[in-house]
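Report on one structure; see the data block that follows.
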Amino acid sequence: MPELPEVETIARTLRLGTNGQPGLPGRTVSQSHVYWTRTLAVPQPDVFISQIQGLTFKSVSRRGKFLVFEIPPYHLLTHLRMSGDLKIVPEAEPAGSHDRVTLDLDNATRLVFNDTRKFGRMWLTPEPEKVLHTLGPDALDPELEPAGFFSMLQSKKRMLKPLLMDQSFLAGLGNIYTDEALFLARLHPAARADSLTFEQASRLLNAIHSVLVEGINHNGASIDWVYRGGSFQNHFNVYRQTGKKCSHCGAVIARTVIGQRSTHYCPACQAYQEKEEV
DNA sequence: CACGAGACCTGTTCGC
DNA sequence: TGCGAACAGGTCTCGT
């Protein structure tokens with residue numbers, strides 16, 4: 001469940017804690033376990049285990065789809081990829097079958113990185129920017145305004161869908177929220193970025209913001225067996241709505257493949273135009 | 001620079 | 001019922 005709203009929901013939960021349990025800031029790592037070696041991008045498991053022992057979490061934040069933990073003198077970075085989940089459980093709870101890395105904390109709880117498909121990664125590093133510097137502006141960065149976004153789009157000839165999912169262009173959007181944002185903006189996913197008018201670019205930025213904020217307000221989306229209590233899946237207009245009627249015009253929602261990813265859209269509301277300009 | 005194919009992984013659902 | 005194919009919220013690397 002790894003797009004910006006889901007990662008933000010996890011960041012908030014870990015920062016503030018849940019039902020009585022305190023959050024991560026202030027907690028010290030007593031012991032750690034690495035069950036799947038490749039989950040650690042860096043360093044090697046034995047080094048990781050010895051370096052993180054005794055360190056205290058200072059803060060929890062998010063950059064794009066990365067969770068960022070200050071744990072002086074290092075930063076712990078986590079990317080959930082397709083199936084990762086990060087949660088605090090009672091220390092007495094037995095290890096789950098897909099737990100990849102666990103950190104025992106000083107209050108009888110445990111931070112667990114559970115990841116069925118093993119695509120997720122963690123970095124323990126003194127130089128987090130070396131990992132994060134390739135990211136474009138955060139999709140919810142308040143400094144990102146229509147004029148700037150328009151010129152970003154003007155400089156690219158790619159199709160909107162793969163471009164918006166490119167984390168070096170804009171950080172945070174994935175398959176769900178890209179499809180939903182393009183629907184709200186009434187833009188075809190295959191339209192070329194440099195063909196948009198200023199008005200269309202502005203509409204797209206608004207759509208991205210509103211879709212992400214809606215997602216966060218619903219604690220993200222929960223689909224299939226990956227469930228975290230989010231409910232935004234009940235408010236999808238196009239994602240996985242193939243064959244259903246468009247909530248806006250009644251046309252049938254279509255599915256196609258763009259950039260090797262499933263893409264859902266309303267053929268009527270999001271009609272393709274060779275030139276988006278008038 | 002833009003794009004497609006293949007890797008990396010496990011689990012669920014679909015089609016015959 | 002059974003079994004293989006298709007598909008899943010992401011990204012990386014390589015070839016054209």
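Per chain, numbering begins at 1; letters A, B, ... match sequence-line order. Hydrogens, waters and symmetry mates play no part in the numbers below; they use all other heavy atoms, side chains included.
Closest to the side chain of A:R261, from the set C:dG10, C:dA8, B:dA2, is C:dG10. Closest approach to the A:E3 side chain among B:dA5, C:dG9, C:dT11 is made by C:dG9 (side chain taken as heavy atoms from C-beta onward). Here B:dC9 is the nucleotide among C:dC12, B:dC9, B:dC3 with the atom lying nearest to any side-chain atom of A:W36. Set against B:dC9, C:dG10, B:dA2, the side chain of A:K156 has B:dA2 as its closest nucleotide. You'll find that the side chain of A:P2 is closest to C:dG9, out of C:dG9, B:dG11, B:dC3. Across C:dG9, B:dG11, C:dC12, the shortest atom-to-atom separation from the side chain of A:T116 is found for B:dG11. In this structure, of B:dC9, C:dA8, B:dG11, it is B:dC9 that holds the atom nearest to the side chain of A:F119.
Shown here, B:dC9 forms no base pair; nothing in the strands shown gives a Watson-Crick or G-U wobble contact with both key distances under 3.5 Å. A 3.5 Å limit on both hydrogen-bonding distances identifies no Watson-Crick or G-U partner for C:dG9.
For A:H79, a side-chain nitrogen or oxygen approaches OP1 or OP2 of C:dT11 to under 4.0 Å. At the phosphate of B:dG11, OP1 or OP2 sits under 4.0 Å from a side-chain N or O atom of A:H98. Between A:K157 and B:dC1, a side-chain N or O to OP1/OP2 separation shorter than 4.0 Å is absent. In terms of phosphate contacts, A:K118 brings a side-chain nitrogen or oxygen within less than 4.0 Å of OP1 or OP2 of B:dT10. For B:dC9, the OP1/OP2 oxygens have no side-chain nitrogen or oxygen of A:R100 closer than 4.0 Å. Under 4.0 angstrom from either OP1 or OP2 of C:dT11 there lies at least one side-chain N or O belonging to A:K65.
Residue contacts for A:Y239: at a heavy-atom cut-off of 4.0 Å it reaches the sugar-phosphate backbone alone, with no base atom in range. Using a 4.0 Å heavy-atom cutoff across all strands shown, A:R38 reaches sugar-phosphate atoms only and no base atom.
Checking A:R240 against A:Q260, the closest nucleotide of DNA chain C that is more toward the 5' end is the one next to A:R240.
The environment of A:E143 atom CD is sparse: at most 12 non-hydrogen atoms of other residues, nucleotides or ligands sit within 6.0 angstrom. Around CD of A:Q44, the count of heavy atoms belonging to other residues, nucleotides or ligands within 6.0 Å does not exceed 12.
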Please report the C-alpha distance between A:F66 and A:W123 in whole Å, then the side-chain angles of each, then the deciding distance to 0.1 Å, and finally whether the ring pair (Phe, Tyr, Trp, His ring centres under 6.0 Å) criterion is met.
-> CA-CA 11 Å; A:F66 282 84; A:W123 295 254; 5.5 Å; yes

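In this structure, a donor-acceptor pair under 3.5 Å is present between the side chains of A:R255 and A:S262.
The same atom, P, is picked in C:dC7 and in B:dA5; the two are 13 Å apart, to the nearest Å.
Because its NZ or CZ atom is both nearer than 6.0 Å to the ring centre of A:F183 and within 45° of the ring axis, A:R186 counts as a cation-pi partner of that residue.
Between the CH2 atom of A:W123 and the P atom of C:dT11 there is a distance of 10 Å, rounded to whole Å.
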